[in-house]
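One structure is given here, and the rest of the page talks about it.
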Amino acid sequence: MKKILIVEENPLMMEVMTYILINYGYEVFALSNGNEVFKFIKRNQPDLVILDDVLHGINGREICQLIKLNKTTSNLPVIMCSGDDYFGEDLTQKGCPDDILHKPFDITSLVEMVAYQLAA
């Protein structure tokens, strides 16, 4: 069973994404802030990370860059969730996410993007 880590501050959004992905057969873990992400990744070795771009403390963009620029985690797929319509420009930057899920999103978009990233 593939393991997915969701990092999302909004409890309702976290609950919805968790529910959807569990129903599609994934093992899902959730954190409400970015402070524990790296400890979690080291301990649990998820197959995919879904990050909200706006988090208190260290934000999702910074976390993504740290994941992607670290040679031990650089191959870990990261999907960034964003309500920012211009966020797609970040896909050309160093340390960018593998994909961007624009909020609001539908179930099909979430499930297809997760399946695609896990198959890559």
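In the hydrophobic clustering of ILVMFWY residues, with side-chain heavy atoms under 4.5 Å counting as a link, I20 and I100 come out apart. Note: the hydrophobic cluster containing V7 also contains I58 (ILVMFWY, side chain heavy atoms under 4.5 Å, direct or indirect links). Hydrophobic cluster membership differs between L76 and M1, with clusters built from Ile, Leu, Val, Met, Phe, Trp and Tyr side chains linked at under 4.5 angstrom. Linking Ile, Leu, Val, Met, Phe, Trp and Tyr whenever their side-chain heavy atoms come within less than 4.5 Å puts V78 and F40 in one cluster. V16 and V111 fall within a single hydrophobic cluster, where Ile, Leu, Val, Met, Phe, Trp and Tyr side chains are chained together by heavy-atom contacts under 4.5 Å.
Using a 4.5 Å heavy-atom threshold, the side chains of F29 and I4 count as separate. Between V28 and I6, the closest side-chain pair of non-hydrogen atoms falls below 4.5 Å. Between I41 and I67, the closest side-chain pair of non-hydrogen atoms falls below 4.5 Å. For the pair K103 and D52, the minimum side-chain heavy-atom distance is below 4.5 Å. Considering only heavy atoms from C-beta on, I79 stays 4.5 Å or farther from V49 through its side chain. Considering only heavy atoms from C-beta on, L110 comes within 4.5 Å of I50 through its side chain. Residues L55 and N33 are not in side-chain contact: their nearest non-hydrogen atoms beyond the backbone lie 4.5 Å or more apart. Between L118 and V114, the closest side-chain pair of non-hydrogen atoms falls below 4.5 Å.
For C64 against C96, the heavy-atom pair with the smallest separation is SG-C, 3.7 Å.
Within a 6.0 Å radius of OH in Y24, other residues, nucleotides and ligands contribute 12 heavy atoms or fewer. Open room surrounds CG on N75; 12 or fewer heavy atoms of other groups in view lie less than 6.0 Å from it. Within 6.0 Å of atom CD in E27, more than 12 heavy atoms from other residues, nucleotides or ligands are found, so the atom counts as buried in its surroundings. Atom CD1 of I107 sits in a sparse spot, with 12 or fewer heavy atoms from other residues, nucleotides or ligands closer than 6.0 Å.
Within the 3.5 Å criterion, the main-chain N or O of I63 finds no donor-acceptor partner in the side chain of K68. Side chain of D47 to main chain of K3: a donor-acceptor pair is present (N/O by atom type, distance under 3.5 Å, no hydrogens or angles). Looking at N44, its side chain never comes within 3.5 Å of a backbone N or O of P46 through a donor-acceptor pair. Of the possible donor and acceptor atoms, one in the side chain of N23 sits under 3.5 Å from a partner among the backbone N and O of Y19. Remark: the backbone N or O of H56 is paired with a side-chain donor or acceptor of E9 at under 3.5 angstrom. With hydrogens and angles ignored, the 3.5 Å screen pairs no side-chain donor or acceptor of D53 with any backbone N or O of R61. Within the 3.5 Å criterion, the main-chain N or O of F105 finds no donor-acceptor partner in the side chain of S109.
Between L5 atom CG and L48 atom CG the span is 8.5 Å, to the nearest 0.5 Å. The line from CG of L31 to NZ of K39 is 11.5 Å long, rounded to the nearest 0.5 Å. Between M13 atom CE and C81 atom SG the span is 7.0 Å, to the nearest 0.5 Å. H102 contributes atom NE2, which lies 7.5 Å from atom CE of M113 (distance to the nearest 0.5 angstrom).
By the side chain to side chain donor-acceptor pair (under 3.5 Å) test, S32 is found to be paired with no residue, residues two or more places apart in sequence or in another chain being considered.
In summary, R43 and E36 do not engage in a salt bridge, as defined by a charged side-chain N under 4.0 Å from a carboxylate O.
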